[in-house]
Each structure stands twice: as structure tokens, then as C-alpha cells.
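Side chains are part of it too, since the values below use all heavy atoms of this structure and drop only hydrogens, waters and symmetry mates.
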Amino acid sequence: VQSVVRVVFHDRRLQYSEQQQLEGWRWSRPGDRILDIGGCRGWGHRGGCRGRADPAPADIPLSVGILEPQIHPTLLNTVEFLWDPSRRTSVFVQVHCISTEFTLRKNGGEKGVPFRIQIDTFGAGGKGDPPEHLHSASCLVKVFKPKGADRKQKTDREKVEKQPAAEREKFQPAYESTVLAEVG
């Protein structure tokens, strides 16, 4: 099967202007990408990070079972890869922009816009048919510089701890890796 991973805007108002926002980012950061698979950073400049003729799993740090990863030079927020659903598979993606890069003010202390990491999975279509959509999943993320992320986690944790027990149950627990929820 083939999966396509994208970083998109979560806020609907930014979704309407996504292409303009991405073009502005591309203009301000020439040669950079918003999203990469583990060790594929920069391979897209040579037409994708495929670079191998056999369908053996690619050697990508922290990813398992990924076949033929591809990074398209013009789609800065998208990566795709093949994988075998009968085998253990995980993908390590890197987001190379921070949430405040898409805010109006740039003087520090901005809230930052939430992103959504979305994975769409497709099966092979029949002869001449488009690929069959099998599944979609996503998660909400905000990307900060390390110092800002530590501060944000601390203030968020303090806010949750001040909530009554019934309200605290509504929050999802923290995990070492991101758990994606099905897109309905």
C-alpha cells in the first residue's frame, strides 16, 4: 500500500489560504522543506529520496518497513512511501517549521498556529482506475523551539492540574510517540 503524509493547517481560516501561506514560506526559506521522512532531508533535490532499484526496505533512521520513500521538490509539506501491511511499519517524520512562522505578528510571544499531520493510505487501483482510498488518520501538533516547547508543556500541565478531576479525564494522556486518530 502507499501512504501520503502531509502537514496541513488545522484552522479552517488558514486552510483557505494554504497555498499562499506555503508559497510565502518557500520564498522566505529557499531550499528548505516543511516535512521530511527521517534521514531523507534534502534528497528531494535529486528527484526524490528513492535512490534504489530494489523494493527492499529503505535504511531510514527511526523508521521501520518503509519502501521507496519519495519527497517531491514542489510539495514541501508532503512525503509518501510504500509499505507492506503484513509487516511491522513505523515512520519517523520531521517538521522543519515552527507554529509561529504562520502568525501575523513576528515579535515573540505569539500563540502559534496548530498543524495537523495527516496520513492517507491507498491500495492499488485496477487497470486505469485511481488508487483506492483505504484509511485516513491525523493528529494535532504545534511545533516550537525547544525552550518554548518546555515552557508550553509546563504551563499546559499546570492548567490541567488546576482542573477538577472530572475535567482532567477529558484530556488525552501524554505519550512518547504520537497517536493518530482516524479521520471521520
Side-chain angles (χ1 to χ4, degrees), residues 1-27 29-97 99 101-102 113-143 172 175 177-184:
V1 295
Q2 177 188 29
S3 287
V4 178
V5 181
R6 297 179 300 141
V7 172
V8 295
F9 293 114
H10 181 72
D11 291 343
R12 189 160 309 277
R13 67 178 176 79
L14 286 172
Q15 289 174 6
Y16 293 125
S17 64
E18 186 168 293
Q19 289 306 324
Q20 294 91 337
Q21 295 283 343
L22 294 176
E23 279 303 314
W25 190 88
R26 179 195 318 260
W27 182 81
R29 307 238 332 238
D32 283 350
R33 294 190 49 78
I34 291 177
L35 182 69
D36 282 313
I37 295 178
C40 288
R41 183 174 173 90
W43 293 7
H45 299 295
R46 295 193 300 266
C49 64
R50 184 179 296 205
R52 50 190 312 130
D54 63 342
D59 185 20
I60 300 172
L62 303 175
S63 292
V64 176
I66 302 298
L67 306 170
E68 300 184 31
Q70 295 183 41
I71 295 173
H72 299 282
T74 56
L75 301 174
L76 303 180
N77 64 330
T78 305
V79 296
E80 58 186 62
F81 55 91
L82 299 177
W83 58 283
D84 181 351
S86 67
R87 295 188 173 178
R88 184 173 164 262
T89 305
S90 65
V91 63
F92 178 75
V93 295
Q94 296 170 315
V95 179
H96 298 292
C97 66
S99 294
E101 289 186 75
F102 297 98
V113 300
F115 298 126
R116 196 173 65 241
I117 294 179
Q118 182 166 326
I119 301 178
D120 298 304
T121 302
F122 302 91
K127 261 190 172 171
D129 292 334
E132 175 191 5
H133 179 262
L134 300 175
H135 187 261
S136 291
S138 69
C139 67
L140 185 71
V141 294
K142 279 192 175 181
V143 183
Q172 182 176 339
Y175 297 103
S177 57
T178 302
V179 177
L180 302 175
E182 285 194 41
V183 176

Determine, stepwise, if the pair H96 / D32 fulfils side-chain contact (heavy atoms from CB on, under 4.5 Å). CA-CA 8 Å; H96 298 292; D32 283 350; over 6 Å; no

Could you check whether any side-chain heavy atom of R26 comes within less than 4.5 Å of a side-chain heavy atom of E23, counting everything from C-beta outward? yes

For V1 versus G123, what's the shortest heavy-atom pair and its separation? CG1-CA, 4.4 Å

L35: partners by side chain to side chain contact (heavy atoms under 4.5 Å, CB included), with sequence neighbours left out: V5, V7, V79, V93, V95

Could you state the interatomic distance from CD1 (I34) to CH2 (W25), rounded to the nearest 0.5 Å? 5.0 Å

Taking every heavy atom of S138 against every heavy atom of Q118, the minimum-distance pair comes out as CB-CA, 4.0 Å

Reported CZ-to-CG distance for the pair R29 and L76, which is rounded to 0.5 angstrom: 10.5 Å

Rounded distance (nearest 0.5 Å) linking atom CG of N77 with atom CG of L22: 5.0 Å

Please verify the inter-ring angle class for F115 with F9; under 30° counts as parallel, over 60° as perpendicular, anything in between as tilted. tilted

Using 0.5 Å steps for rounding, measure from the CZ atom of F92 to the CD1 atom of I37. 11.5 Å

side-chain contact (heavy atoms from CB on, under 4.5 Å) between L75 and R6, worked out: CA-CA 9 Å; L75 301 174; R6 297 179 300 141; over 6 Å; no

Is any side-chain heavy atom of H72 closer than 4.5 Å to one of E80? yes

